[in-house]
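A, B, ... follow the sequence lines: proteins, then strands. Residue 1 opens every chain.
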Protein chains: 2
Amino acid sequence: MARAATTADAFNAVAEPRRRQILDLLVGGERPVNDLVAQLGLAQPQVSKHLRVLREVGAVDVREDGRRRLYRLNGKALKPIHDWVHEYERLWSERFDELDAVLKGLEQKEEDDGSDE
Amino acid sequence: MARAATTADAFNAVAEPRRRQILDLLVGGERPVNDLVAQLGLAQPQVSKHLRVLREVGAVDVREDGRRRLYRLNGKALKPIHDWVHEYERLWSERFDELDAVLKGLEQKEEDDGSDE
DNA sequence: CAATCATATACCGATATCGGAATATGTCAA
DNA sequence: TTGACATATTCCGATATCGGTATATGATTG
């Protein structure tokens, strides 16, 4: 066995920085491949390959327009990532840090009061 | 060149489902390796290896306790993932879907009015 | 129809991974 | 000190990747 395919998951697909860049560019709206090639400074075949991966995980959709292909973002594919990482937000949010402090204070108080646990 | 190292990034580290599971378990608090081994149903060496990766990207910290090692979550390492994916939230949120519809309506209107762009 | 433009695919070599198995390191207990 | 326990490291083979280069496919223009 080796590492999971890049097309296995949105997680795997998006682990590659270039692919994140591509998605970031597509936030601005539909773009033909050549636009992306120009903006990324990458060779055209590499861009097409990255787009294929993004297509396979559903993060982008394509539309034909004459001899060019217009790629468009489909952000829903990223929702699982958002949902997962969202659970960890409290670990760096100051607001929650304060809440944690309060809760710890309460625990301490209960321990001082003695009894079980 | 090959795929980026799993230790290159939080993105790469977390692309592996087992490592996400480990982090999920550590949300419940500090745990020794053997606890994780039991809960994951994985072989001990694999768990140690996954933990190493998570350590190298700063997602967990270790503390020695006799002959065992207690691993603890350090969620701050996941913030870049959260920050990145957060930008895409509007793409699946219904509230923002409605906003998009409104904006598209406005665009349409301007196009109908003609003129440049 | 030929030439050109836009994009996708195929092939290559190098590399880092993953799980499995064996083993090393280090601590505690009798 | 010997043995049991807890964890980390090393070696293995298989595999999927990435960038580069060459080429295929397909649409448009002259």
Side-chain angles (χ1 to χ4, degrees), chain A residues 1-23 25-26 29-73, chain B residues 1-23 25-26 29-73:
Chain A
M1 246 161 263
R3 219 204 286 207
T6 54
T7 54
D9 236 21
F11 284 95
N12 280 281
V14 152
E16 166 68 22
R18 312 294 199 161
R19 287 195 283 265
R20 259 175 281 143
Q21 278 183 43
I22 290 177
L23 295 178
L25 289 173
L26 291 178
E30 223 175 28
R31 296 260 184 278
V33 179
N34 253 349
D35 261 42
L36 302 173
V37 169
Q39 306 232 18
L40 295 166
L42 263 180
Q44 174 267 316
Q46 329 300 335
V47 175
S48 280
K49 285 186 231 168
H50 284 312
L51 286 169
R52 192 191 214 297
V53 173
L54 292 172
R55 237 187 302 142
E56 291 196 21
V57 300
V60 300
D61 291 321
V62 215
R63 183 169 73 88
E64 315 239 335
D65 172 48
R67 56 181 157 186
R68 71 179 75 182
R69 272 165 221 196
L70 300 177
Y71 280 82
R72 144 198 338 242
L73 194 55
Chain B
M1 246 161 263
R3 219 204 286 207
T6 53
T7 53
D9 236 20
F11 284 95
N12 280 281
V14 151
E16 166 68 21
R18 312 293 198 162
R19 287 196 283 265
R20 260 175 280 143
Q21 278 182 45
I22 289 177
L23 295 178
L25 290 173
L26 291 178
E30 224 175 26
R31 296 259 185 279
V33 178
N34 253 347
D35 262 41
L36 302 172
V37 169
Q39 307 232 18
L40 295 165
L42 264 179
Q44 174 267 316
Q46 328 300 333
V47 176
S48 281
K49 285 186 229 169
H50 284 313
L51 286 169
R52 192 190 213 297
V53 173
L54 292 172
R55 237 186 303 142
E56 291 196 20
V57 299
V60 300
D61 292 321
V62 215
R63 184 167 72 90
E64 314 239 336
D65 172 47
R67 55 182 156 186
R68 72 181 76 183
R69 273 166 220 193
L70 300 178
Y71 280 81
R72 144 200 336 243
L73 193 55

- Item | Identified side chain to side chain contact (heavy atoms under 4.5 Å, CB included) counterpart of A:V47 within the set A:V33, A:N34, A:D35 |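 Option passing the side chain to side chain contact (heavy atoms under 4.5 Å, CB included) with A:V47: A:V33.
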
For [X] and [N], is the shortest distance between a side-chain N/O and OP1 or OP2 below 4.0 Å?
| X | N | result |
| --- | --- | --- |
| B:Y71 | D:dA6 | no |
| B:R3 | C:dT15 | no |
| A:R68 | D:dA27 | no |
| A:H50 | D:dC18 | no |
| A:R19 | D:dC18 | yes |
| A:T6 | D:dT17 | yes |
| B:N34 | D:dC5 | no |

Check: [Y] and [X] side chains under 4.5 Å, non-hydrogen atoms:
| X | Y | value |
| --- | --- | --- |
| A:R52 | A:K49 | no |
| B:R31 | B:L26 | yes |
| B:V53 | B:E16 | no |

Nucleotide [N], atom [atom2] - distance to [atom1] of [X] in whole Å:
| X | N | atom1 | atom2 | value |
| --- | --- | --- | --- | --- |
| A:L40 | D:dG19 | CG | C1' | 14 Å |
| A:L70 | C:dA6 | CG | P | 13 Å |
| A:N12 | D:dT15 | CG | C1' | 14 Å |
| A:D65 | D:dT28 | CG | C1' | 12 Å |
| A:F11 | C:dT17 | CZ | C1' | 19 Å |
| A:R31 | C:dA6 | CZ | C1' | 17 Å |
| B:E30 | D:dT7 | CD | C1' | 16 Å |
| A:E56 | C:dA8 | CD | P | 13 Å |

- Query: Yes or no on side chain to side chain contact (heavy atoms under 4.5 Å, CB included) for A:L36 and A:L51, after CA distance, side-chain angles and deciding distance?
  - Reply: CA-CA 10 Å; A:L36 302 173; A:L51 286 169; 4.1 Å; yes

Identify which nucleotide among [options] has an atom closest to any side-chain atom of [X], counting heavy atoms from C-beta outward.
| X | options | result |
| --- | --- | --- |
| B:R69 | D:dA8, C:dT7, D:dT21 | D:dA8 |
| B:R67 | C:dA29, C:dC11, D:dA22 | C:dA29 |
| B:P45 | D:dG19, D:dA8, C:dT9 | D:dA8 |
| A:R18 | D:dG19, C:dC18, D:dT9 | D:dG19 |

- Query: Between the side-chain atoms of B:Q44 and the base atoms of D:dA6, is any donor-acceptor pair under 3.5 Å?
  - Reply: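 No such pair is found, so the answer is no.
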
- Query: Hey, which of these two, B:K49 or B:P32, hits DNA chain D nearer its 5' end, going by closest nucleotide?
  - Reply: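 It is B:P32, whose closest nucleotide lies nearer the 5' terminus.
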
- Item | Toward the 5' end of DNA chain D, by each residue's nearest nucleotide, B:A2 or A:E64 |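 The residue whose closest nucleotide sits nearer the 5' end is B:A2.
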
- Task: Give one of base, sugar-phosphate or nothing for A:A5, where a contact means two heavy atoms less than 4.0 Å apart.
- Result: sugar-phosphate

- Message: For the backbone of B:V14 and the side chain of B:R20, can you confirm whether one donor and one acceptor N or O come within less than 3.5 Å of each other?
- Response: yes

